[in-house]
Amino acid sequence: MPKIFTTLDKIRPAYDVTYKIVMLLCKILLVADILIASYAVLGRFCQQWSRQYEFLSFLAIIKDPAWTEQVVLTCMSYMAVLSAALAIRTGGHIRMTAFDNYLPKVVVKVLDVVADIAVMVLAVIMVVVGWEYTTTLGSKGFYESIPWLSRFWMYFPVPLAGIAMIVFELEALYNHIKSFFVEEEEVQK
Amino acid sequence: MDANTFAIVVLLGTFALMIFLRFPIAYAVGLSSVFCLLAMGNNLNAICRLMVKGISSFSLMAVPFFITMGVLMGKGGISDKLIALANACVGWMRGGLAMVNIVASYFFGGISGSASADTASIGSIMIPMMVDQGYDADFSTAVTITSSCEGLLVPPSHNMVIYATTAGGISVGSLFLAGYLPGALLAASLMIGSYIISVKRNYPKGDKFNIVNFIKQLATSIWALLAIVIVIVGVVAGWFTATESAAIAVIYSLIVSVFVYKGVDWKGVWRALDECVNTLAIVLILIATSAVFGDCLTKLHVPDLAAQAIVGLTDNRYILIILLNVILLVLGMIMDMAPIILIATPILLPVATQYCGLDPIQFGVMVVLNCGIGLLTPPVGAVLFIGSAVAKRPMEKVVKATLPFYVCMIITLLLVSYWRDVSLIIPKLLGGYEPAVAGLANVLLR
């Protein structure tokens with residue numbers, strides 16, 4: 001194996017840790033979404049029952065706060081972009097692989113590298129354009145149901161997605177380039 | 001070439017090129033939209049706004065919740081319980097295990113909503129069992145993969161939620177109810193196909209029908225099936241929105257899987273969330289980038305142009321419907337479900353409703369069934385691949401064994417396409433039918 005790959009491979013544990021942390025964040029966001037949405041339903045029913053039946057009036061303390069919908073949606077946006085970056089690492093994204101069996105392996109590898117570069121370009125656009133929009137037009141105003149929270153946080157997932165995509169795309173690109181020089185099993189190590 | 005045409009060529013041309021160059025579809029959709037915006041001379045700022053807008057839909061939240069519910073129920077070990085219930089129902093027939101496979105998929109699909117999950121879960125139990133009883137391995141695999149498509153139609157199906165959101169203004173409750181009869185018809189046609197083959201090959205019958213055993217199995221499975229009842233009754237009765245019902249169903253599934261069936265512990269639940277995140281990773285970013293793509297399509301009037309082009313071929317609605325089905329089937333053969341629903345719906349829905357006289361709900365069922373058939377066809381058939389892998393059979397042999405079942409599926413598709421009551425009778429009878437006039441207007445005006 002060329003020496004440069006041995007040196008660069010030392011960074012892999014850092015990627016493993018990053019992956020685990022991002023996955024943990026995604027799972028927390030998913031659980032938060034489920035709990036908040038369920039709490040909102042519970043709150044709505046409790047309010048309704050407490051008004052309808054006097055003996056259930058104590059349930060009025062459980063409310064359906066106005067902020068739930070926007071918080072749930074914001075959590076989903078963050079989960080969507082972070083998990084999409086994870087899928088770059090696992091190669092989970094859907095792509096048309098119909099002709100892979102008919103193409104020489106080296107062509108498939110070259111196409112993988114081209115796709116990596118293109119995704120990297122999109123990621124850079126998302127960072128630049130996303131940050132510009134988030135800090136200018138996007139940050140004007142606040143969440144309707146959370147008047148103290150800037151809408152910056154609503155649009156921030158786009159540049160964040162760009163950054164996360166670049167981080168994991170660098171590794172994918174490295175792996176694809178490495179596959180030209182070393183055996184397939186060694187790439188996975 | 002005027003500027004509008006040039007932008008359309010850039011949008012669709014770069015998209016097609018990137019798809020064939022094996023780019024991840026979600027990012028090919030995003031990149032072609034970027035090129036299109038540049039070709040139109042628009043500010044790229046729109047990307048940020050549209051991506052967030054695309055994903056910030058409360059209805060879409062049902063998608064991660066339904067996926068989570070399916071994964072949790074799957075991990076909770078409901079497959080063998082549902083197979084036992086199906087066996088008690090139809091195991092006595094000629095080719096009983098094939099029938100059991102089909103009926104179990106109807107039950108399981110209602111819970112998981114995923115054809116891949118169904119094939120992996122039911123297939124790993126049923127295929128070896130069928131082979132042991134003397135069924136041909138390829139036939140067993142073919143029955144497993146084709147019946148798994150029932151799950152796409154039987155509610156709650158997250159693909160139907162994606163369709164409802166993409167089409168705009170369609171009641172998710174109506175769409176859910178609309179899937180029941182086509183799902184049952186698909187099951188019935190597959191059972192007829194299996195029965196004919198079973199008689200020809202003299203496949204065995206199971207034990208005689210026993211009402212006590214049936215009640216016993218129903219009592220065991222009822223906890224899993226109640227998740228569907230919560231979602232459907234809740235949505236149709238107007239107690240919850242689809243998203244709220246999905247969230248409640250996740251909590252319910254958690255309780256059933258951990259405390260009732262004891263198929264998974266808390267550590268297992270936490271690990272199962274990895275699977276949910278991995279699935280969501282593919283779907284959600286695609287929805288976000290498709291919002292930008294959809295906006296470009298609308299601004300360039302691509303749906304109108306596509307409608308004119310398709311209608312220009314013929315004004316016979318019966319042939320137009322065939323044409324729509326062929327387009328969707330071909331797309332299904334090369335692409336996955338979610339991208340087809342997200343990209344083709346805005347383009348084909350106006351043709352389907354304006355020129356073919358289809359109800360948007362009926363068209364939704366048609367789209368999902370077409371995509372389902374696409375999952376079973378080479379070259380890109382995810383379920384076909386999974387089925388072949390589970391059964392350890394070569395793909396070409398499985399495809400050959402599946403041929404009679406393709407016919408069954410096409411018959412069901414034609415019934416759904418030409419007979420609107422197949423999709424609409426249950427929503428109408430149960431009062432869940434809401435004509436999607438507003439949604440249609442949305443699509444046409446966008």
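Lettering follows sequence order; numbering is per chain, from 1. The figures here come from the full heavy-atom set of this structure, side chains too, leaving out hydrogens, waters and symmetry mates. In this text, all values refer to a predicted model and were calculated from it rather than measured experimentally.
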What option among A/Asp112, A/Val121, A/Leu103 has the most heavy-atom pairs under 4.5 Å with chain B? A/Asp112
Just wondering, more than 12 heavy atoms not from A/Leu137 lying within 6.0 Å of its CG? yes
Could you tell me whether the side chain of A/Lys109 and the main chain of A/Ser179 form a donor-acceptor pair under 3.5 Å? yes
Does the distance from a Lys or Arg side-chain N to an Asp or Glu carboxylate O, for B/Asp274 and A/Lys20, drop under 4.0 Å? no
Neighbour count >12 (heavy atoms, 6.0 Å) for atom CD, A/Gln48: yes
A/Leu86 versus chain B, the contacting section by heavy-atom distance below 4.5 Å: side chain
Which answer fits A/Ile88, side chain, backbone, both or neither, if we ask what part of it has an atom under 4.5 Å from a heavy atom of chain B? side chain
So which part of B/Tyr27 gets closer than 4.5 Å to some heavy atom of chain A, the side chain, the backbone, both or neither? both
With respect to chain B, which residue among A/Leu42, A/Asp33, A/Leu82 yields the maximal number of heavy-atom pairs within a distance under 4.5 Å? A/Asp33
Between B/Asn43 and chain A, with a heavy-atom cut-off of 4.5 Å, which part of the residue counts as in contact: side chain, backbone, both or neither? neither
Give, as side chain, backbone, both or neither, the part of B/Thr68 having an atom under 4.5 angstrom from any heavy atom of chain A. side chain
Check whether any side-chain heavy atom of A/Met165 sits under 4.5 Å from a side-chain heavy atom of A/Met120, and report yes or no. no
Indicate, with yes or no, if the rings of A/Phe152 and A/Trp131 have centres closer together than 6.0 Å. yes
Describe, in one word, how the ring planes of B/Phe293 and B/Phe15 are oriented to each other, choosing from parallel (under 30°), tilted (30 to 60°) and perpendicular (over 60°). tilted
Any chance CD of A/Glu54 has more than 12 other-residue heavy atoms, nucleotides or ligands included, within less than 6.0 Å? no
If you count heavy-atom pairs under 4.5 Å with chain A, which of B/Met61, B/Arg22, B/Glu244 comes out on top? B/Arg22
Any carboxylate oxygen within less than 4.0 angstrom of a Lys/Arg side-chain nitrogen, looking at A/Lys178 and A/Asp9? yes
Checked A/Leu122, A/Ile125, A/Asp116 vs chain B; the most non-hydrogen pairs under 4.5 Å come from A/Leu122
Per-residue contact mode, A/Val108 against chain B (heavy atom under 4.5 angstrom): both
Taking every heavy-atom pair that is under 4.5 Å apart, which of A/Tyr155, A/Phe45, A/Tyr133 has the most such pairs with chain B? A/Tyr133
Give, as side chain, backbone, both or neither, the part of B/Val277 having an atom under 4.5 angstrom from any heavy atom of chain A. both
Spell out, as yes or no, whether a donor-acceptor pair under 3.5 Å connects the side chain of A/Gln70 to the backbone of A/Ser145. yes
With a 4.5 angstrom heavy-atom cut-off, is it the side chain or the backbone of B/Ile19 that approaches chain A, or both, or neither? both
Looking only at heavy atoms and a cut-off of under 4.5 Å, which of B/Ala338, B/Ser56, B/Ala288, B/Pro64 has the most pairs with chain A? B/Ser56
Looking only at heavy atoms and a cut-off of under 4.5 Å, which of A/Ala37, A/Ala87, A/Ser77, A/Ser38 has the most pairs with chain B? A/Ser38
With respect to chain A, which residue among B/Leu31, B/Leu60, B/Val34 yields the maximal number of heavy-atom pairs within a distance under 4.5 Å? B/Leu31
Side chain, backbone, both or neither of B/Met51 within contact of chain A (heavy atoms, under 4.5 Å): side chain
Side-chain heavy-atom pair B/Met73, B/Ser257 within 4.5 angstrom cut-off: yes
